[in-house]
Every structure is written in structure tokens, then in C-alpha cells.
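Heads up, the thing below is written out as C-alpha cells.
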Amino acid sequence: MFTSLVKVAAASCLFQTALARIANRESSNLTSTNVSVASSCGLNWSDAAALQTRFIDNKKYGCKCYAGEACWPSISKWAQLNQTVEGSLIVNIPPGAACHNTFNGPLGTVNTYNAAECTKAINNWSDETWTVEQPAAAIWTYFTNDTCRPTTDATKPCTLGYYGVYVIKATKAAHIKAGVDFARKNNVRLIVRNTGHDFIGRSTGFGTLIINTHSFQNIQWFNNFNNTGISAVTIGAGVQGRTILTQGHAQNPPLVVVTGECPTVGIAGGFIQGGGHGPWTTLKGFSADNVLSFDVILANGEYATANAHQNTGLFWALKGGGPASYAVILTVTMRTYRDEVSSGATLYINATQPGFRPDLWEQGLTSFHKYSNHFVDNGLYVYFELFSMFLRARPFVGIGKTATELQAVIQPLLDELDAAGVVYEFNLKQFPTFFDLYNDLFEAEDAGASSITGGWMFNHNDVATNNNGIMQAFKTVMTPRADLFGVMIGHLFNPGHNVPVTNSATHPAWRNATNFVITVLSVPDGATPAVKADLQNILTNTMDEALRQASGSGCTYVNEADPYQANWGDRFWGSAAYARLKTIRSKYDPLGIFYAIATPGTEDWTVLEGGTKLCKKL
Ligand SMILES: Cc1cc2nc3c(=O)[nH]c(=O)nc-3n(C[C@H](O)[C@H](O)[C@H](O)COP(=O)(O)OP(=O)(O)OC[C@H]3O[C@@H](n4cnc5c(N)ncnc54)[C@H](O)[C@@H]3O)c2cc1C
Ligand SMILES: *[C@@H]1O[C@H](CO)[C@@H](O)[C@H](O)[C@H]1NC(C)=O
Ligand SMILES: *[C@@H]1O[C@H](CO)[C@@H](O)[C@H](O)[C@H]1NC(C)=O
Ligand SMILES: *[C@@H]1O[C@H](CO)[C@@H](O)[C@H](O)[C@H]1NC(C)=O
Ligand SMILES: *[C@@H]1O[C@H](CO)[C@@H](O)[C@H](O)[C@H]1NC(C)=O
Ligand SMILES: *[C@@H]1O[C@H](CO)[C@@H](O)[C@H](O)[C@H]1NC(C)=O
Ligand SMILES: *[C@@H]1O[C@H](CO)[C@@H](O)[C@H](O)[C@H]1NC(C)=O
Ligand SMILES: *[C@@H]1O[C@H](CO)[C@@H](O)[C@H](O)[C@H]1NC(C)=O
Ligand SMILES: *[C@@H]1O[C@H](CO)[C@@H](O)[C@H](O)[C@H]1NC(C)=O
Ligand SMILES: *[C@@H]1O[C@H](CO)[C@@H](O)[C@H](O)[C@H]1NC(C)=O
């Protein structure tokens with residue numbers, strides 16, 4: 001009996017194949033290829049280069065290889081890679097370099113000054129769309145080490161900072177595969193960069209080879225996906241929120257998918273691998289809850305499909321288990337929904353209002369937050385910005401609600417504000433569709449700022465039993481120290497409102513969420529390492545700690561949280577899911593071809609030597 005079991009296992013391993021549908025941008029179609037799947041057989045890593053052994057402070061590490069070291073691939077190897085990727089390999093030059101005389105990079109010094117390009121960089125530095133279009137720029141610049149910002153003083157140095165050395169501007173799946181293969185075979189640190197929205201620097205990294213996925217704009221709609229009767233859309237790796245919603249609106253009838261609130265955030269990249277929350281989340285769960293299938297490239301260079309039938313562990317892990325950890329996603333297929341009549345509202349309580357009552361501002365905020373359970377229990381999503389004497393709740397989103405219905409949900413809050421004498425401005429409007437609401441009420445966000453970010457989730461119980469404690473914590477965040485000023489971005493949603501149990505890797509505690517709040521602390525230009533360490537300490541141990549103390553949720557969001565907090569695995573996923581994610585990571589990426597801070601299985605990895613060398617403790 002024992003032998004026959006072994007035979008069956010071997011047979012299923014030998015004959016297993018996966019139908020990997022590989023997005024081919026040029027034909028804007030999906031071509032099918034059969035590729036051998038290794039998931040149940042154990043992947044073959046025999047062509048991977050070994051880590052470089054280094055001793056740092058008497059400790060032994062295995063490190064990635066960096067320019068200037070003997071292990072760094074030769075010029076001819078890079079030229080070969082460039083051929084494989086059909087000329088799409090470029091030397092990365094930081095986006096502000098045109099304002100500097102030279103870029104002093106690891107491959108030498110390049111003259112970069114260009115007055116016209118410099119003017120563009122200065123004028124567009126805070127423009128998200130421009131930043132996304134750059135080969136490797138980060139929207140939040142802190143984790144580039146704030147190198148090479150645009151300037152009017154061209155003599156200022158421009159160095160690599162924490163950027164990559166080369167970028168593949170991939171236009172075909174085969175280019176992505178070539179980049180993964182090259183990184184694996186040469187022990188070069190690899191970064192996948194989609195839109196550059198990541199708050200904690202996970203789409204940049206010192207000395208890396210970057211694969212830019214922005215050109216993968218393929219979108220295909222299905223009435224009956226794979227004969228399941230489910231209406232769905234297959235979305236290429238580079239597609240952003242506004243694009244998919246705009247195309248969905250053009251369908252007959254108009255369709256939506258669960259995207260983020262931000263029009264420029266990607267869908268198939270870091271967003272969905274973190275879970276992905278947005279205006280539809282209270283009604284339809286996280287974006288990840290809506291995934292039917294992924295097409296990916298594994299760390300060993302194989303194409304694979306992950307869904308409820310194939311590579312099921314990988315499928316689960318890609319749905320919220322952390323970005324850049326298991327595979328490079330080529331496409332995601334998600335459920336679609338019919339768009340609906342929707343109503344939106346805005347509420348402002350701020351110091352520039354005529355008759356503003358500073359003494360009543362806190363009371364206004366307290367009332368607003370007290371009703372947050374009520375809002376999400378009525379199916380709403382609310383986005384708000386908050387700092388001292390400033391509350392901007394824009395918008396309240398009532399999908400499927402008429403103006404009268406939304407007004408009825410919000411009225412108890414307005415009555416309470418009126419009774420207390422709080423001065424506020426409130427507007428409410430009905431839209432033919434959610435898409436119309438989205439275009440009217442969600443605002444563009446700025447790029448180019450240097451800040452550190454954290455965040456925490458408050459659940460129903462926190463709000464029901466400790467709203468005043470939460471308000472005290474908010475005050476700590478807004479003024480963490482006499483000389484500092486903190487900002488919050490709040491999101492009222494509950495992915496468990498209609499989807500109490502799912503098969504996603506997201507933390508189970510989300511299914512009773514009420515408010516997920518991001519904390520932001522700005523970092524001054526030219527901050528020294530000591531200043532940065534001081535601010536990080538304030539964010540971790542004063543601001544976010546105050547939020548944690550006011551909450552029993554135990555949960556925060558991997559994409560919008562402090563990666564330096566203790567117990568991040570438990571807090572991002574819960575201990576059971578975390579253990580399973582680590583097992584899946586060790587199967588699909590045991591060598592650490594991928595790396596993003598505070599993701600499953602990265603405990604032994606650290607970035608040494610001033611944030612430059614990625615090394616594993618041996
Ligand atoms: C202005 C703004 C608004 C936001 N709004 C929301 C929101 O409404 N809801 C929400 O949930 N989040 C939101 N976020 C956070 C967002 O989820 C993260 O920034 C997320 O990392 C963005 O993913 P990306 O692929 O667009 O960005 P990138 O920065 O390009 O990538 C992020 C991470 O994903 C990895 N990655 C990218 N593409 C792939 C791929 N194809 N395969 C494997 N790994 C990949 C990268 O290596 C990196 O680790 C917002 C962020 C910003 C800056
Ligand atoms: C995509 O493939 C299908 C099936 O092979 C074919 O009918 C269709 O014409 C192709 N579309 C494009 C744009 O190539
Ligand atoms: C994939 O393999 C199966 C079985 O080996 C075969 O029947 C099928 O035609 C192949 N499909 C493609 C697209 O090569
Ligand atoms: C792994 O791949 C190498 C080629 O890269 C091959 O020589 C070797 O036989 C493979 N090992 C197994 C167990 O399949
Ligand atoms: C890659 O090839 C293209 C086209 O030949 C060329 O323009 C580009 O400079 C090359 N990249 C590198 C890094 O040499
Ligand atoms: C960038 O700035 C220039 C002015 O220098 C402007 O003409 C252009 O429209 C801007 N581009 C974007 C994408 O905003
Ligand atoms: C990063 O910035 C710090 C200043 O905070 C500087 O001391 C350090 O040299 C920079 N490192 C790199 C690699 O740019
Ligand atoms: C389509 O359905 C088949 C049969 O159920 C399944 O094996 C396959 O993985 C599915 N493909 C996708 C992309 O969902
Ligand atoms: C402050 O409130 C006023 C009046 O209600 C509003 O018009 C304005 O947009 C608010 N300011 C900001 C920056 O939100
Ligand atoms: C959600 O929180 C409420 C209020 O504390 C509680 O009554 C309810 O049982 C919780 N639901 C879940 C699924 O935990």
C-alpha cells in the first residue's frame with residue numbers, strides 16, 4: 001500500500017501541467033501555453049546563484065550581489081539580458097536628475113542637466129500621474145532616501161539613493177520572466193515596480209534590477225468566465241483603478257470591480273496582494289475576495305495559474321498574503337458587478353469656516369466617529385482626512401442608495417452636531433452610477449512628499465465601547481510631541497459586512513472592521529539619519545502605539561502600516577494565517593528571489609550598511 005501511494009504521488013507530479021494564459025500585450029490577447037507546473041513536485045532551484053557570504057559585526061550573512069563586487073554580472077551579461085528583453089533594459093536615472101549637472105551612479109558619472117526636463121520635473125513632482133509614468137519613481141519619496149530631488153541648484157549631487165541600477169520596461173510576459181531568471185541566476189536583488197504607490201518603499205530598493213510592469217494594460221471582459229456563469233474581467237499587471245472603472249462604465253450594462261479609492265493605484269500588483277480596500281468593500285469585501293484566478297511567473301521562472309483548481313495554496317496567499325512574496329502577477333481575473341445609483345456626501349469641519357468654533361471641533365470629531373459603526377452597518381464607505389482643527393470627510397459613499405436614503409443614514413450625526421452647536425458644512429448628492437460619484441467626489445492625491453506612515457484598524461467593539469479613548473489616541477497622533485504634527489487618513493469600511501467569511505489570506509479580524517486609519521508624519525528635507533530614527537521612533541512608539549492601546553482589534557493593513565512595529569506577522573494576518581503563509585513562501589520562494597519588508601518569511605532578511613545591502617542572517 002505504501003509503494004502504491006508513492007507511485008500515485010510520483011505520477012500525478014510527472015503528468016501535472018498547468019494551462020498558463022500569458023498576457024501578450026502586443027496582440028492584446030491571451031495566448032495559451034502549456035507549461036509544466038512544479039508546485040506539487042517541488043520547484044527546481046539548481047540554476048540559482050548562491051548568496052555572497054559576508055561577515056558584518058562578527059555575524060555571518062548571505063547577501064545579494066551589488067555593482068562593484070566581483071560577482072556583479074559583466075557588461076556582456078547585461079547586454080545579453082537586454083537582447084532577451086528586446087532592448088527594454090535601461091540604466092536607471094532618478095527622476096529629478098535633469099535638474100542636476102551629473103548623476104553619480106554605480107556605473108559611473110552621467111551628465112544629466114536638461115533645463116526643459118528639469119522644469120517638467122519641478123512642475124510635475126507632486127503629480128501622481130507623472131510619477132507613475134517614470135520608470136522607477138516612488139510616489140512617497142522617503143524610501144528612495146530622498147535622493148536627487150528637483151532643484152534650482154544644478155551643482156547639488158544626485159546619487160542612486162535607494163533606487164535600482166537597471167530597469168526592464170517590460171512589455172511582454174517573456175521580459176518579466178527574463179528579469180526574474182536573470183536575478184535568480186546572478187544573485188541580483190529584484191524589485192517589481194508597478195505604480196510606485198507603495199508607502200513603505202517596497203517598489204524600490206538599493207542596487208536592484210527593477211521590472212516595470214506599467215505597460216501591461218490588457219483588459220478582457222467575460223459574461224461567463226471559464227464556463228462558471230460568473231461575470232468577470234481579466235486585468236493586466238499595470239492597469240490602474242480609474243482605467244478599469246472607466247472601461248467598466250463603457251460596458252453595457254455598466255460594470256464595476258472592487259478597486260481602491262485612489263484612481264492611480266494599481267489593481268493586480270501590491271494592492272491586491274495586500275487585500276485591497278475601496279468604496280465597494282463594505283458591500284463586496286476586499287478586492288482580493290473577488291479574485292477568481294491569477295496568471296503568474298514563479299521565482300524559478302515558470303508560468304503558472306493559481307485559482308480554486310490549480311496551485312490553490314498560492315492562490316490563497318496571493319489574495320492578501322503580502323506583496324512581492326510568492327510570484328510576479330501577470331494578470332488577475334476578478335468578479336464584476338453591475339453599477340448602481342449611488343449617493344455621496346461631504347462633511348467639513350475646519351478652522352477656515354466662518355463662525356468656526358475651535359472649542360467644539362473635538363466634539364464634532366467625536367460625534368462623527370461615534371457614528372462610524374452605524375455608517376458601515378448601513379453599507380457605507382467613508383474616506384476622511386484629519387489633523388488638528390481639520391476634518392474633511394469626503395466622500396461618504398452610499399452605493400445603491402438614493403439621496404433620501406443616504407440622508408436618512410447620516411441625519412442622526414447632523415442632528416447631534418446641530419444640538420451641540422458645531423459649525424460644519426455638509427453637502428449631499430445623488431448620482432446615476434457609482435462611477436459618476438467616483439469621478440465627482442474622489443480627489444487627486446499628491447506625490448513627491450517625504451513622510452513615514454503607519455496605521456491601525458478599529459473594529460466595531462472598539463468604537464462601541466471606547467470611542468472617547470480613540471479620540472484621546474487621535475489627539476496623540478495629531479500632536480505626538482510639542483514640535484510635531486501628525487496627520488490621519490481614515491477609511492470607514494467593513495469587509496465582513498456582506499462577506500463574513502472568505503478564502504483570502506487577509507487577517508480574520510477585518511471581518512468586523514469599522515475604521516482603518518493611516519498615520520502620517522512628515523520628514524524634513526535633508527533629515528539626518530538621527531532625525532529619521534527619532535521620527536520613526538515617534539511613529540512606532542507614540543503615534544501608532546496610542547492607536548493600538550485604544551483598540552482590541554489586533555489588526556492592521558500590510559499595505560498601509562508601519563513595517564517596523566513588533567509582531568507584524570500577527571498584526572497583518574493573524575498567527576494562523578501567518579504560519580500558513582510562511583509555509584507557502586518557503587515552497588514558492590525559498591531562496592528569497594523576491595523581497596519586501598515585513599512580508600511572510602523575511603524574518604532572517606535585513607537591509608544592512610545604511611539601508612543598502614540586502615542580506616540573510618546565516
Ligand atoms: C495615494 C494612495 C492611495 C491609496 N489608496 C488605497 C486604497 O484605496 N486602498 C488600498 O487598499 N490601498 C491603497 N493604497 C495603498 C496601496 O495598496 C499600496 O500602495 C500598494 O502597494 C500599491 O500597489 P501598486 O502595485 O500600485 O504599487 P507599487 O508601489 O508599484 O508596488 C507595491 C508592491 O507590490 C509589488 N508588486 C507590484 N506589482 C507586482 C506584480 N505584478 N507582481 C508581484 N508583485 C508586485 C511591488 O514589488 C511592491 O512590493 C494607496 C496608496 C497611495 C499612495
Ligand atoms: C484573440 O484570440 C481569439 C481566439 O483565438 C481570436 O478569435 C481573436 O481574434 C483574438 N483577438 C485579437 C485581438 O487578436
Ligand atoms: C496542453 O496539454 C494538453 C494535454 O497534454 C493538450 O491536450 C492541449 O492541447 C495543450 N494545450 C496547448 C494550448 O498546448
Ligand atoms: C533541475 O534543472 C537542471 C537544469 O537547470 C537540470 O539539470 C536538473 O536535472 C534538474 N533537476 C531535477 C531534479 O529535475
Ligand atoms: C538596450 O538596448 C537598447 C536598444 O538597442 C538600447 O537603446 C539601450 O541603451 C540598451 N540598454 C542598456 C542598458 O545598454
Ligand atoms: C509637466 O509639466 C509641464 C510644464 O513644464 C506641463 O506642460 C505638463 O503638462 C506636465 N505634465 C503632466 C503629466 O502633468
Ligand atoms: C541616505 O541618506 C542619508 C541621510 O539621511 C545619508 O547619510 C546616506 O549616505 C544616504 N545613503 C545612500 C545610499 O544614499
Ligand atoms: C477553468 O475551469 C477548469 C475546470 O474547472 C479549471 O481546471 C481551470 O483551472 C479554470 N481556469 C481558470 C483560469 O479559472
Ligand atoms: C473647510 O471648510 C470650508 C467651508 O465648509 C470648505 O469649503 C473647505 O473646502 C474646507 N477646507 C478644506 C481644505 O477642506
Ligand atoms: C462585531 O462587533 C460587535 C460589537 O462589538 C459584536 O457584537 C459582534 O459580535 C462582532 N462580530 C464579529 C463577527 O466578531
Side-chain angles (χ1 to χ4, degrees), residues 66-68 92 94-100 103-106 114-134 137-139 141-150 156-165 189 201 204-208 263-264 282 285 370 372-374 376-377 444 446-448 450 452 457-467 470 494-502 507-515 523-536 551-555 574 607-614:
Y66 291 92
N92 185 40
C99 298
H100 301 253
F103 165 54
N104 308 103
N114 178 319
E117 289 301 317
C118 173
T119 304
K120 272 195 199 164
I122 289 174
N123 290 342
N124 295 311
W125 194 250
S126 66
D127 183 288
E128 278 188 345
T129 302
W130 181 84
T131 310
V132 168
E133 299 299 329
Q134 304 305 306
I139 285 183
T141 61
Y142 180 81
F143 286 95
T144 68
N145 210 24
D146 269 314
T147 188
C148 202
R149 289 178 84 87
K156 281 196 178 167
C158 169
T159 62
L160 188 66
Y162 298 160
Y163 279 114
V165 179
R189 182 174 170 195
T204 190
F206 172 82
T208 52
T264 54
T282 303
K370 193 180 85 182
S372 56
N373 280 346
H374 168 74
V376 297
D377 289 347
D446 281 351
S450 183
I452 49 178
M457 185 270 272
F458 295 96
N459 65 19
H460 275 59
N461 199 46
D462 295 332
V463 175
T465 63
N466 193 30
N467 196 49
I470 296 171
N494 177 9
H497 177 67
N498 278 340
V499 191
V501 180
T502 71
H507 198 308
W510 280 112
R511 306 300 160 174
N512 213 5
T514 298
N515 180 13
V523 179
D525 214 9
T528 62
V531 168
K532 290 179 183 175
D534 175 44
L535 295 175
Q536 182 62 54
S551 163
S553 80
C555 167
V607 184
L608 295 167
E609 300 190 343
T612 58
K613 309 289 189 306
L614 177 63

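We count ligands from 1, going down the list as the structure has it; atoms in each ligand are counted the same way.
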Do protein heavy atoms approach atom 2 (O) of ligand 7 to less than 4.0 Å? yes
Between Lys532 and Asn145, is any side-chain donor less than 3.5 angstrom from a side-chain acceptor? yes
What is the nearest protein non-hydrogen atom to atom 9 (O) of ligand 10, stated with its residue, atom name and distance? Asn512 ND2, 4.7 Å
Side chain to side chain contact (heavy atoms under 4.5 Å, CB included) between Asn512 and Asn461, worked out: CA-CA 8 Å; Asn512 213 5; Asn461 199 46; 5.9 Å; no
Does ligand 7 have an atom under 4.0 Å from some heavy atom of Gly161? yes
Mind checking whether Trp130 has an N or O less than 3.5 Å away from an N or O of ligand 6? no
Around atom 4 (C) of ligand 6, find the nearest protein heavy atom and jot down its residue, atom name and distance. Asn123 ND2, 3.3 Å
Starting at OG of Ser372, measure out to NE2 of His460 and round the result to the nearest 0.5 Å. 8.0 Å
Students should be able to answer this: which protein heavy-atom is nearest to atom 5 (O) of ligand 10, and at what distance? Asn461 OD1, 3.1 Å
Can an N or O of Tyr162 be found at a distance shorter than 3.5 Å from an N or O of ligand 7? no
Is there a side-chain contact between Phe103 and Cys148, using heavy atoms and a 4.5 Å cut-off? no
With heavy atoms of Ala527 as the reference, note each atom of ligand 7 found under 4.0 Å away. 4 (C), 5 (O)
Just verifying a value: how many Å separate Asp377 CG and Asn373 CG, rounded to the nearest 0.5 Å? 6.0 Å
Determine, using heavy atoms of Asp127 and all atoms of ligand 6, whether some pair is separated by less than 4.0 Å. yes
Regarding ligand 10, does His460 bring an N or O atom to under 3.5 Å of one of the ligand's N or O atoms? no
Proximal ligand 6 atoms for Asn124, defined as those under 4.0 Å from one of its heavy atoms: 1 (C), 2 (O), 3 (C), 10 (C), 11 (N), 12 (C), 14 (O)
For His100, run the side chain to side chain contact (heavy atoms under 4.5 Å, CB included) check against Cys158, Pro94, Pro157 and tell me which one passes. Cys158
Please report which non-hydrogen protein atom sits nearest to atom 12 (C) of ligand 7, along with the residue it belongs to and the distance in Å to one decimal place. Asn145 ND2, 3.1 Å
Give, for atom OH of Tyr162 and atom OG1 of Thr141, the distance between the pair rounded to the nearest 0.5 Å. 13.0 Å
Does the side chain of Asp146 pick up a donor-acceptor pair with the side chain of Ser450 at under 3.5 Å? yes
Checking Ile452 against Gln536 for the side chain to side chain contact (heavy atoms under 4.5 Å, CB included) test, could you report, in this order, the C-alpha distance in whole Å, the side-chain angles of both residues, the deciding distance, and whether it holds? CA-CA 7 Å; Ile452 49 178; Gln536 182 62 54; 4.0 Å; yes
For atom 14 (O) of ligand 10, is there a protein heavy atom at a distance under 4.0 Å? yes
Under 4.0 Å from atom 7 (O) of ligand 6, is there any protein heavy atom? no
